[in-house]
Asks: 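My questions will all concern the structure given below.
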Number of protein chains: 2
Amino acid sequence: MTPETGIFSPGAPIVEEGQQPTKLYRIVSGWVICRNTLLDGRTQVVSILVPGDTIGAKGLLTGSASDLVEAHQATCLQSISHARVLGLAAQDFNVAMWLLWYANQEHLRSDKWLTLLGQGNAIEKIAITLLDIYWRLSRAGLVGDGAVRVPLTQSIIGEHVGLTLPHVCRTLGILRERGGVDIRYGGVEIVDPNALRASAADLADFWEG
Amino acid sequence: MTPETGIFSPGAPIVEEGQQPTKLYRIVSGWVICRNTLLDGRTQVVSILVPGDTIGAKGLLTGSASDLVEAHQATCLQSISHARVLGLAAQDFNVAMWLLWYANQEHLRSDKWLTLLGQGNAIEKIAITLLDIYWRLSRAGLVGDGAVRVPLTQSIIGEHVGLTLPHVCRTLGILRERGGVDIRYGGVEIVDPNALRASAADLADFWEG
DNA sequence: CGGACTCTTGAGACTAATCAAACGTCGTGG
DNA sequence: CCACGACGTTTGATTAGTCTCAAGAGTCCG
């Protein structure tokens, strides 16, 4: 594999929009954010990546990156060049199948998000966003006993689910009253996933089912 | 390739939700709709497929279908079993790479839809939905000189973009006033793509860029 | 002709956006 | 140690956009 390792500071771009991507990354530690931006400034956060996730699989064959990928905190990444990945895939069918499997998983995820953005109200959108992150951190073994810190500003959460910052604030206030979260400067703490789940039961069922 | 051919009547299920899918399909003629449904009845139309599109690539390796796929009109499909596709991919690296490329394209599409649903208003959502279909029909060589018939009910359009049926109706009314579309029983006719584009310029730029 | 489905329209309620200001928190430099 | 500035959160008042509920009219098919 001979992967290389690199550190990115908060706010540092990992892949620029429209640029020719040449590497595949795996997050060792830190948080990474993928955005699409419109000419008039509207911004959609397409995905929020946590340790263990892969960056740039989408651009492996398409030749140009569609979104801007940024380190959101100090982030440690392993990288492998596209050429090497494709070489490995050509030699070993299992590698090719892993790539295909991963692409399918990503696609499944996108469809779930479509359903959330299309059908959910503000409370559901934010509750599921936090639950989704909680579940992924959990699978990565990063959830301990206490509250789980999610270092995302309300502005970023809003860009992820298509809500304005003040409305995110008010909605988080409701989720706090219900015991699901605590709100901190620069982030949110998930106190009780069950309380979040209760605020978005039907979508949570769909998410897991 | 030895594909088989089959005809599906309007409303006939092609793949059932949660079922084990065994085949990959290619649409020869007709329209196909993929939906996700929540327990409380809310429904998201995840994608609308036209001739030339592939069905079921997402379930090739994941083992279970995540959405309900239905013929929306009389539809003619070619099918190949998953086993055969994977067999071909194992023999010919190009086949494996085509599958991967296609999965990446689908993923890119999903991300565009995310941006549309997260950032667009009703007019933009519907204008882009119609433009997207127009562009895809165009690429498939199915656009002639006159108006382009899109046989989707307003209800389906609403489920695709997360708007209620009455609001879709009113919004289509605005697009009609602007000369973009004509409204027919059971469908819409795209009269002037440029008028639609003008109603959603920033998102259209993003869509094509 | 009847029935099922689709489109249209209206009034009122509600959700979320907008605009704006104040307040907290943190890092920095005097 | 304090003062400052940048950034993030909170709150309020108002407006815009969309939903809801409901009824009526159009279209197609048997």
Side-chain angles (χ1 to χ4, degrees), chain A residues 9-11 31 33 38 40-45 70 72-74 116-127 129-130 149-177 181-189 199-200, chain B residues 9-11 31 33 40-45 70 72-74 116-127 129-130 149-177 181-189 199-200 203:
Chain A
S9 329
W31 294 64
I33 292 183
L38 304 185
D40 61 7
R42 281 180 284 182
T43 295
Q44 176 72 27
V45 168
E70 254 185 25
H72 177 249
Q73 297 202 306
L116 179 65
L117 291 199
Q119 305 299 321
N121 58 28
I123 289 184
E124 290 172 323
K125 284 177 180 174
I126 292 183
T129 296
L130 294 174
R149 173 137 225 283
V150 178
L152 302 173
T153 63
Q154 299 182 3
S155 169
I156 290 175
I157 295 173
E159 288 174 349
H160 197 21
V161 295
L163 294 170
T164 55
L165 167 57
H167 202 57
V168 170
C169 181
R170 282 183 259 258
T171 306
L172 276 174
I174 295 174
L175 291 176
R176 173 174 49 192
E177 284 172 14
V181 300
D182 267 355
I183 300 171
R184 295 291 153 77
Y185 181 84
V188 175
E189 281 185 0
S199 295
Chain B
S9 328
W31 293 64
I33 291 183
D40 61 7
R42 281 179 285 181
T43 295
Q44 176 72 26
V45 168
E70 255 186 24
H72 177 248
Q73 296 200 307
L116 179 64
L117 291 199
Q119 305 300 322
N121 58 27
I123 289 184
E124 290 173 323
K125 285 178 180 174
I126 292 184
T129 296
L130 294 174
R149 173 137 224 284
V150 178
L152 302 173
T153 63
Q154 298 182 2
S155 170
I156 290 175
I157 294 173
E159 287 174 351
H160 197 21
V161 295
L163 295 170
T164 55
L165 168 56
H167 202 58
V168 171
C169 181
R170 283 183 261 258
T171 307
L172 276 174
I174 296 173
L175 293 176
R176 173 174 50 193
E177 284 171 14
V181 301
D182 268 355
I183 300 172
R184 296 291 153 75
Y185 181 83
V188 175
E189 280 186 1
S199 295
L203 273 158

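Convention: sequence-line order gives letters A, B, ...; per-chain numbering from 1.
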Asks: Distance check needed: dA22(D) P versus Leu165(B) CG, whole Å only.
Replies: 16 Å
Asks: Whole angstroms only, please: what is the CD1-P distance between Ile126(B) and dC7(C)?
Replies: 12 Å
Asks: Looking at Arg184(A) and dG24(C), is any side-chain donor or acceptor paired with a base atom of the opposite kind under 3.5 Å?
Replies: no
Asks: Tell me the interatomic distance from Ile123(A), atom CD1, to dA16(C), atom C1', rounded to whole angstroms.
Replies: 12 Å
Asks: Looking for any heavy atom pair under 4.0 Å, which part of the strands does Gly162(A) touch: base, sugar-phosphate only, or nothing?
Replies: sugar-phosphate
Asks: If I take atom CG in residue Leu152(B) and atom P in nucleotide dC5(C), what distance separates them, rounded to the nearest angstrom?
Replies: 18 Å
Asks: Nearest to the side chain of Thr164(B) - dA17(C), dC19(D), dT9(D)?
Replies: dC19(D)
Asks: Side chain of Thr153(B), heavy atoms from C-beta onward: which of dA17(C), dG24(C), dC7(C) has the nearest atom to it?
Replies: dC7(C)
Asks: With hydrogens left out and only the distance checked, is there a donor-acceptor pair under 3.5 Å joining Arg176(B)'s side chain and the base of dT8(C)?
Replies: no
Asks: Determine whether a donor-acceptor pair (N or O, by modelled atom type, separation under 3.5 Å) exists between the side chain of Glu124(B) and the backbone of Leu116(B).
Replies: no
Asks: Would you mind telling me which of dG12(D), dG10(C), dG24(C) lies closest to the side-chain atoms of Arg170(B)?
Replies: dG10(C)
Asks: For the side chain of Pro166(A), counting heavy atoms from C-beta on, which of dT9(D), dT9(C), dT11(D) is nearest?
Replies: dT11(D)
Asks: If you take all heavy atoms of Gly158(A) and Val168(A), which pair is closest and at what distance?
Replies: CA-CG2, 3.5 Å
Asks: Using atom NZ of Lys125(B) as one end and atom C1' of dC19(D) as the other, report the distance to the nearest whole Å.
Replies: 12 Å
Asks: Hey, which of Ile126(B), Ile157(B), Leu152(B) is the one that makes side-chain contact (heavy atoms from CB on, under 4.5 Å) with Val188(B)?
Replies: Ile157(B)
Asks: Of the nucleotides dT8(C), dC19(D), dT25(C), which has the atom closest to the His167(B) side chain?
Replies: dC19(D)
Asks: When you measure from the side chain of Gln154(B), which nucleotide among dC28(D), dT10(D), dT8(C) comes out closest?
Replies: dT8(C)
Asks: Looking at every strand, decide which applies to Leu172(A) at a 4.0 Å heavy-atom threshold: base, sugar-phosphate, or nothing.
Replies: nothing
Asks: What is the distance, rounded to the nearest whole Å, between atom CG of Leu163(A) and atom P of dG17(D)?
Replies: 17 Å
Asks: So which one's nearest nucleotide on DNA chain C is more toward 5', Tyr185(A) or Gly120(A)?
Replies: Gly120(A)
Asks: Please identify each residue that fulfils salt bridge (Lys or Arg N to Asp or Glu O under 4.0 Å) with Arg184(A), with sequence neighbours left out.
Replies: Asp182(A), Glu189(A)
Asks: Could you tell me the separation between the CD atom of Gln73(A) and the C1' atom of dC26(C), rounded to a whole number of Å?
Replies: 15 Å
Asks: To the nearest 0.5 Å, how far apart are CG in Leu130(B) and CG in Leu172(B)?
Replies: 6.5 Å
Asks: May I ask you to say what Gly158(B) touches in the nucleic acid, namely base, sugar-phosphate or nothing, with a heavy-atom cut-off under 4.0 Å?
Replies: nothing
Asks: Rounded to whole Å, how long is the line connecting atom CG of Asp182(B) with atom C1' of dC7(C)?
Replies: 14 Å
